[in-house]
Amino acid sequence: MNEPRVDRCSLGEALIYRIARTIEDGILAFHGFGSPLVQLALHVAKRTHAPNLVLVAGATYAVNPMPPFLAPTSNDWVMDRGAECRLDIEELFDLAAAGRLGRMFLSGLQIDRWGNLNTTRLGTESLKLKLPGGGGGCNLACDARHLTLWTAAHRAVSDGRGARRLRLVERCDFITSPGHRAADGRTRKGMGLVGNGPDWLITELGVFDFDESGHVRLREVFPDTDTELVRANTAFEFPISEPVATTPLPPAAVCELIRSLDPLRIHERELRPEDRSRTFSGPDCRPERHA
Amino acid sequence: MNEPRVDRCSLGEALIYRIARTIEDGILAFHGFGSPLVQLALHVAKRTHAPNLVLVAGATYAVNPMPPFLAPTSNDWVMDRGAECRLDIEELFDLAAAGRLGRMFLSGLQIDRWGNLNTTRLGTESLKLKLPGGGGGCNLACDARHLTLWTAAHRAVSDGRGARRLRLVERCDFITSPGHRAADGRTRKGMGLVGNGPDWLITELGVFDFDESGHVRLREVFPDTDTELVRANTAFEFPISEPVATTPLPPAAVCELIRSLDPLRIHERELRPEDRSRTFSGPDCRPERHA
Amino acid sequence: MNAAMYTQADKRTDLETLIGYIRPGDCLAIGGGLSSREPMAALRALIRAGTGDLELIGSAHGIDVDLLCGAGLVAASAESYVGFEQDFGMAPNYRRACEAGAVAVRDSCCYTLVQQLRAAIAGLPFMPIRSVKGSGFLDLHPEFKTLECPYTGDELILVPALRPDIAILHAQYGDAHGNLHIAGPPVADRLFARAAKKVIATVEQIVSTEELQRLGVTVPYFYVAAVAEVAYGAHPTACYPFYGYDRPHTAHYHTCASAGAGRFEDEYLHRFVHGCPDHAAYLAAIGGSATLERLASWKDGPDAWMKLYE
Amino acid sequence: MNAAMYTQADKRTDLETLIGYIRPGDCLAIGGGLSSREPMAALRALIRAGTGDLELIGSAHGIDVDLLCGAGLVAASAESYVGFEQDFGMAPNYRRACEAGAVAVRDSCCYTLVQQLRAAIAGLPFMPIRSVKGSGFLDLHPEFKTLECPYTGDELILVPALRPDIAILHAQYGDAHGNLHIAGPPVADRLFARAAKKVIATVEQIVSTEELQRLGVTVPYFYVAAVAEVAYGAHPTACYPFYGYDRPHTAHYHTCASAGAGRFEDEYLHRFVHGCPDHAAYLAAIGGSATLERLASWKDGPDAWMKLYE
């Protein structure tokens, strides 16, 4: 665990802040389980620009809880303490199906250009790697009004056999959660999905939105990343929203809030070890390059 | 209100006891609302031969309540005091639809030979009399494993214009709750209904079961009624299970139980004024004829 | 689809403003059931406001629906039951309005209603149901369709989603945020709240959110557009633990309603609805504190409770 | 259809008899979720009994499913998620069994599961759902069908009723009659209870029916065939308010499971399951009262609670 520095924000804090900025006030949003960055992003949003957010905690379905700290397991009484009221699994998913879930947050081991996600399996014919599965992600990707996608593992890694394994892939081996277009090119509308699909993809290398065709488009990089780095770690070509901006960094008060919400720094477990030391200096910081 | 006599049972008590005897132990049964005779029959059954009855109270959906007294309104806290647990409207009707409601109890202003009931309207073309409606009766008539039908108003009355209005009619003006055959002759099976339909029809004049064709068949009369009286008050011909028995009458302990359960004698409101004075002497009583 | 979320911090309002959320022609779901927890004060305010042409849906109801029918605000009824059980029998104003053709009769049945509300709750166009077959309800509801089940070959009935424009509930407790706590049987209130485009509620008491959490939230705040504190807001129906059912008042109501439209207008509506500018005036008209104390006496034990029904 | 009602007065039994209700080949729904309220003692007894060839259904699970996979009892998994979140990541035994083909992969998704359970609960052959389209789940589940909606013309997915042979739950409190009180998030337990042919349950404490009424009944008794009192029956998952999640034990489990099937067998299964003839022996093996006191320390406040996760 890295001790956070007072005068700098960490990559984790920057990601939390950036995810939080995708959350509108007055909507119902659900953070799912197993995603501390998103859990914290919702709490940051609710305590800053979105006080009327209906914050539904993943796994417990608690509404507007005040956890004393962030636990590494989502279905823990830690996570629903102080809840204003409680839903159950049926009610949350019904709300989504009825178009009342304003925003959902999803990730995957594979993400393609249309925002399709795979959290189910690697290997198309034979099963090479069984992933944990998508939970309710498929249903919510279909039904939520808007989706924020994120991953803290955009950077390609060696697969140990000399090849690089990419997170942003040409094609998902399995579509757990649909994005804007199916493999055969059909659109969400063509498939009769009621939600509007992903509008943000936030990674530890940069921030994408989606263009009118439903394709990811690079919008922002971090102070220590650039377009070329993003491109080198992405299996497909993508449009760029010029000029690429630098991702806005959290004000000190937000960093302090995150540190008080997550004293165990659980959210850093979502980051790869080499990313945990990436820090940026304050909200109007200049880049400090790593790697 | 008639003061009950110690040595005699009233017609109401006899009806309650006879309805109670149609209730099997170990099933889930629901008494609906607005039917004190049935409410009491369930409590009698549970406290005598059917201790494992799952007794669900109508309107409150309380399970195994112990009301301090019977109230004239069903959705009253009186009626759910001491409940072991509580269902809600969805759960009770789901149980029925899944084949788990063992027995339901229904009545109607019109009852035909197949056990079809009308609680909706008189008048086929124009609306002559709007009845309160069937509540959940239609759904439960379809789904319950078995049905006990009852009426305390079998005896025909003058309609005030010189004609006799019958309760057991040739044809219902509207089918609120289906019996064994539709007007066009289709059977329950043919219609795909999952419940087995009515197996008892208990009136203040006699007790019917249903023959293999699904037609009501007279089985029992009261000590003060006979086959001819039943026939004279029924719009259609019906088979008779010979020899017609005399309806078994409640033992004194059951009468005492009913009196303790219903100190306000709410159940007598279901009886016509002229029937409230009908009494019978004990479980092995001989008839005392009225009218 | 796309029903709104109601997230403002303070939704408290007065009864008249609350009633303003109901528009002429609305499909209205009234909470409570039979003689319990009917939003009667709100319905009286609705009558004073004159918002009519309403379509009512519900399961088992009584004086609430009968009163609105007697006031001429109802265009159609899809209730499952409207009456006074064995207590007083048929609902006189409802019956008269239906028989006169003023109210379109679209009777339904409890589970059919549940399935239709569930379709709305889950954003589905319909729900399947089996238990309507063989009944006259299929003729009353041409919008029901049939489907040959692709799994079993059986014929199923499809019933379309029913999304009330507004659900009006009376709860024991609420908070400023709009969370509601219902004590005792919820009847269809939770279903109505989730299916409706919006909920408005009267409550006996508005308490702090902390206190409401302790009691337990029956209807989460984000379904609720506005809430008004109206003590005795369910009278003459019961709202335990505060007060029981006012049987003498209901008997008087039923007598007036049975005597014909004119006498109901003169002897009941004028005296207890139009003649009462507000809820305080109504409480005085029904006998003031003596009546209210009598209705609270159920707490004194079964003998006192039983007296309320004599 | 025609699911039994369980109405006998006294359903108390011991853990081994309880587990006897599960038959080889059963479709099993396991209550709880992730690191909370998993019926772990019952699953360990199931492993000792060797009842295999099971088909598992559920929403978000972890060590419960992984343990059964590691013991070789699972033939198919239709779970939505099996893993250890960000805490320890993937589920090693589950993954290995799936990749080896020992466990048929029939992954599902939470709402799809809910709709399938709802169909069973309502005695319907299927439920409609919209939110599977565009995903790979349609290929994984050839039993799903499509329907052109007769109301909207949209394409809907129909998912068939899913009726587990048995649901196995762990609750905080139960009574002899089989009523269960679940404190905290019920996850899918109520759905499982209503959809399954029968429920068996372990509980931390059996209390009187009066006490259970006071607490509130989450699962009515008539769904429940048998109940066994097994204190610490959810360990190493949490069962608040009695005890929190045993993270060190879970870390040890994960290390053993990650080290391969053989080492999992030797170092975990032998030591904590097969090597423990009963639950008392298991509680001794995990460290006895020192461990149990540590897990109860969450009540001492946030600092103590936080220590459980370090």
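These numbers were taken from a predicted model, which means no experiment stands behind them.
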Name the region of B:Ser126, side chain, backbone, both or neither, that has any atom closer than 4.5 Å to a heavy atom of chain C. neither
Of the backbone (N, CA, C, O) and the side chain (C-beta and beyond), which part of B:Leu131 lies under 4.5 Å from a heavy atom of chain C, both, or neither? both
Check each atom of C:Glu310 against the heavy atoms of chain B and say whether the ones under 4.5 Å are side chain, backbone, both or neither. side chain
Among C:Ala238, C:Cys98, C:Pro186, C:Gly244, single out the residue with the greatest number of heavy-atom pairs under 4.5 Å to chain B. C:Cys98
B:Phe33 versus chain C, heavy atoms under 4.5 Å apart: side chain, backbone, both or neither? both
At a heavy-atom separation under 4.5 Å, does B:Arg86 approach chain C through its side chain, its backbone, both, or neither? neither
By a 4.5 Å heavy-atom criterion (distance strictly below it), what part of B:Ser177 contacts chain C: side chain, backbone, both, or neither? neither
Side chain / backbone / both / neither for B:Asp80 at chain C, heavy atoms under 4.5 Å: side chain
Under 4.5 Å from any heavy atom of chain B - which part of C:Tyr94: side chain
Please tell me whether B:Arg103 and B:Thr148 have a donor and an acceptor in their side chains that are separated by less than 3.5 angstrom. yes
Toward chain C, the part of B:Arg81 with a non-hydrogen atom under 4.5 Å: side chain
If I measure from the heavy atoms of chain C, does B:Asp94 come under 4.5 Å with its side chain, its backbone, both, or neither? both
Heavy-atom distance under 4.5 Å to chain B: side chain of C:Thr152, backbone, both or neither? neither
Tell me, out of C:Glu79, C:His61, C:Gln86, who's got the most heavy-atom pairs with chain B below 4.5 Å. C:Gln86
Contact origin within B:Leu129 toward chain C - heavy atom pairs under 4.5 Å: both
Classify the side-chain pair C:Glu85/B:Ser74 by whether it contains a donor and acceptor separated by less than 3.5 Å. yes
Does the ring centre of C:Phe144 sit less than 6.0 Å away from the ring centre of C:His141? yes
